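Naming: A, B, ... by sequence-line order, numbering from 1 per chain. Fair warning: this is a prediction, and the values are worked out from it, not measured in the lab.
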Protein chains: 2
Amino acid sequence: MATVTITDVAAKAGLSIKTVSRVLNREPNVTEKTREKVLEAARALDYQPNLSARSLAGSRSFLIGLFFDNPSPAYINDVQLGAVSRCRESGYHLTIEPVDTTAPDLERTVRGVISTLRLDGVILTPPVCDDERVLRALEAHGTPFVRIAPDLQPDRAPRVGMDDERAAFEMTLNLIELGHRRIGFIKGHPDHGATHLRLDGFLRAMARHGLTPRPEDLMQGWFSSQSGFECAEAMLERPDRPTAIFASNDDMALGVIASANRRRIVVPDELSIAGFDNTPAAVTVWPHLSTVAQPIFQMAAAACDLLISRAANSPGQEGPTARLMDFEIIMRDSTAAPDDG
Amino acid sequence: MATVTITDVAAKAGLSIKTVSRVLNREPNVTEKTREKVLEAARALDYQPNLSARSLAGSRSFLIGLFFDNPSPAYINDVQLGAVSRCRESGYHLTIEPVDTTAPDLERTVRGVISTLRLDGVILTPPVCDDERVLRALEAHGTPFVRIAPDLQPDRAPRVGMDDERAAFEMTLNLIELGHRRIGFIKGHPDHGATHLRLDGFLRAMARHGLTPRPEDLMQGWFSSQSGFECAEAMLERPDRPTAIFASNDDMALGVIASANRRRIVVPDELSIAGFDNTPAAVTVWPHLSTVAQPIFQMAAAACDLLISRAANSPGQEGPTARLMDFEIIMRDSTAAPDDG
DNA sequence: GTCAAAAATGATAGCGCTGTCATAACTGAT
DNA sequence: ATCAGTTATGACAGCGCTATCATTTTTGAC
């Protein structure tokens, strides 16, 4: 209620508002003594700058937008937490903009948001990060954006991500080293970039050990637990079923576990199951799911960082930045050596 | 990039900027013809109002804040979607502010956010909605807020929620009508308001049928799947175990299913399980979980509504508004009549 | 037609900041 | 001391809107 303005601070400190502004914005050419005086006055008055005024007068809005369509809640949650944590440090705020990629007026919606809010930057998560209309709208408006785990045209704009191929490769290697030879693989949604990379990693690990998966052990899922369940049903009803199934995300792996439970197939004794993503649900089932943990929080924080430093400093680099973060293979209770050695 | 201002629209329409402003803000006293002219000019120019300017000049910021600590990602996701959907309709935007209720400087953080952003309203989810420091900061600043499912002091401020007691009551009734007499109940986190209400509903339904749960069938959980698992382990290892377990949220119910699976207890033939919340995970397990669906999306939308209409119009009512939404009992595959009839 | 009342429109002053440019205060070499 | 070359500070315009109040136009009763 008590609205303290920069003018009040200036009066209290006995300086001009411009000098106060300089201190608050960490601009150069301010004496240490002056700095102190301003800071103390601001503290005493509990001064809070008015974002609208800063935004209107200056070139920054201190607002970062997070555009997402519909990844899993857990994923989005991590992204938000990561982004906000970095925003907080720099006085930025996060506005969330769920985006319906199937909406016909998507482009004008996006244009509306970025020009109304004058966002300093936008974070794009899959699958929005691969939507041509969104990218075009952002580029046309000149709004900086960072894509998280984009599929297509990786060098079109700055991005952060992780090495899905290598993660799938290593998880598969783990399975093979446990002694598995017949390993089933459930692919993800074909429109999702990670889908192909994870499959590639799986195949590379198999090939490195001279293993060629049979066609019926390579199934097409949709990243939903239902699709994982259905693929598992098909694979598990055959007498020569795989001894391990690697589902390319946790939801599908959960479907596999559900199918195994239904068929009284003991996990991991009779069937090893691995997932990908390390969702909270992975430790909610029994047995706990072996999976790949993506550093989602860190990726989002890095994305934010890119946006904020870009907004603050001038650009000046040559090609778009790309930051690859480390994943982590987490072996829990759903994987073990196969029965028949 | 091409920044179209209200002045441009006014010039194009051959009117003053004030008249354009009136049309855009749906103020009265504008001829239909004038209205048309303004709207057409705005459309032709693809005019997008500048939120910062509107906020600085006027009394509204068009920003709603969502404060949350750490409910489940699925819950938060629904809240966000519900809130944003309503914000969109009214030209508002949502900024998210994760709040750490254990942080010592919580109060000044909250104060900083609301005065910097000049939020038109704030939505509080559990457990933030019961944090005294947050409530005090909001009240002191005079920022309108709506609490979702508050526990303490329900009439301290406007709120939306649902009737947890009656939902638990009805679910329990369903279980009893299936033929269950010995029903285990797993309580939630004691600090959470819903915990007591759900227990009350359970007990009332049991009492109505002359049933008194034995103390060892009334267990203390913490809303985590791990705690559900542990409670189930204790209940299921007894020879006279319950024929049904009602866990007061889905995560714990998932823990119960995990325990049953581990013990080769067939669900629902040998054990019925019911949850509460209808999280996505409820249909990720096998068998699919019977549960209570909270209208989270609608609650958040209603909360937003309250804030926006309050921001637009003057207040003028007497007591704080309270809106109770309808729940839905969803009976899926984890519940059935008991074996022994 | 006349006139007051009501409705529609416009001129103008800020909102609280930042950016630009001018001014003042310090340097240190001569 | 003197003067350029810095460095530190301040005056003031204006960002794009809304609010207030003045002005013009329309309306309806007589």
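Under 3.5 Å, the side chains of A:Ser52 and B:Ser52 contain no donor-acceptor pair of N or O atoms. Side chains of A:Thr101 and A:Asp131: a donor-acceptor N/O pair is absent below 3.5 angstrom, by distance only.
With hydrogens and angles ignored, a donor-acceptor pair under 3.5 angstrom links the side chain of B:Arg22 to the base of C:dG10. Counting distance only, with no hydrogens placed and no angle test, the side-chain atoms of B:Lys18 and the base atoms of C:dA11 include no donor-acceptor pair under 3.5 Å.
At C:dT9, one or more side-chain N or O atoms of B:Thr31 fall inside 4.0 Å of OP1 or OP2 (strictly under the cut-off). Phosphate proximity of C:dT18 to A:Ser21: present, with a side-chain N or O under 4.0 Å from OP1 or OP2. For D:dG16, the OP1/OP2 oxygens have no side-chain nitrogen or oxygen of B:Thr5 closer than 4.0 Å.
Listed nucleotides: C:dC17, D:dA8, C:dG14. Nearest to the side chain of A:Arg54: C:dC17. When each of C:dT9, D:dT9, C:dG19 is scored by its nearest atom to the side-chain atoms of B:Ser16, the top-ranked nucleotide is C:dT9.
Atom CG in A:Asn50 sits about 18 Å away from atom P in C:dG14, given to the nearest Å. Residue A:Glu32 contributes atom CD, which lies 11 Å from atom P of D:dT9 at whole-angstrom precision. When the P atom of D:dG10 is taken as reference, atom CD of A:Glu27 falls 14 Å away, rounded to whole Å. Atom CG of A:Leu24 is separated from atom P of C:dG19 by 13 Å (rounded to the nearest Å). One atom, CD1 of B:Ile17, and another, C1' of C:dA13, lie 11 Å apart when rounded to the nearest Å. Distance, A:Leu15 CG to D:dT9 P: 7 Å, rounded to whole Å. Atom CG in A:Asp8 sits about 10 Å away from atom C1' in C:dG16, given to the nearest Å. In this entry the distance linking CG of A:Asn29 with P of C:dC21 reads 16 Å, nearest Å.
Side-chain contact between B:Thr5 and B:Ile17 is absent, with no heavy-atom pair separated by less than 4.5 Å.
Look at A:Glu132 and A:Arg156 and you find a salt bridge, because one of the NZ, NE, NH1 or NH2 atoms lies within 4.0 Å of a carboxylate O, short of that distance. In summary, B:Arg35 and B:Glu40 do not engage in a salt bridge, as defined by a charged side-chain N under 4.0 Å from a carboxylate O.
Using five terminal pairs a side, the axes of the helix from C:dG1-D:dC30 to C:dT30-D:dA1 at its two ends make an angle of 30°, given in steps of 10 degrees.
Residue B:Pro49 is classed as a sugar-phosphate contact, given heavy-atom separations below 4.0 Å to backbone atoms only. Backbone-only engagement by B:Thr34 is indicated by non-hydrogen atom pairs under 4.0 Å involving sugar-phosphate atoms exclusively.
Taking the ring centre of A:Tyr92 as origin, the terminal cationic atom of A:Arg86 falls outside the region bounded by 6.0 Å and 45° from the ring axis.
Toward the 5' end of DNA chain C, the nearer of the two residues B:Pro28 and A:Gly58, judged by each one's closest nucleotide, is B:Pro28. Between A:Thr19 and B:Thr7, the residue anchored closer to the 5' end of DNA chain D is A:Thr19, taking for each the nucleotide with the nearest heavy atom.
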Subject >> Test log, rule side-chain contact (heavy atoms from CB on, under 4.5 Å), inputs B:Gln80 and B:Phe297 >> reply: CA-CA 8 Å; B:Gln80 293 181 350; B:Phe297 184 99; over 6 Å; no
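A pairwise comparison of heavy atoms in B:Arg133 and B:Ala103 identifies NH1-O, 3.3 Å as the closest pair.
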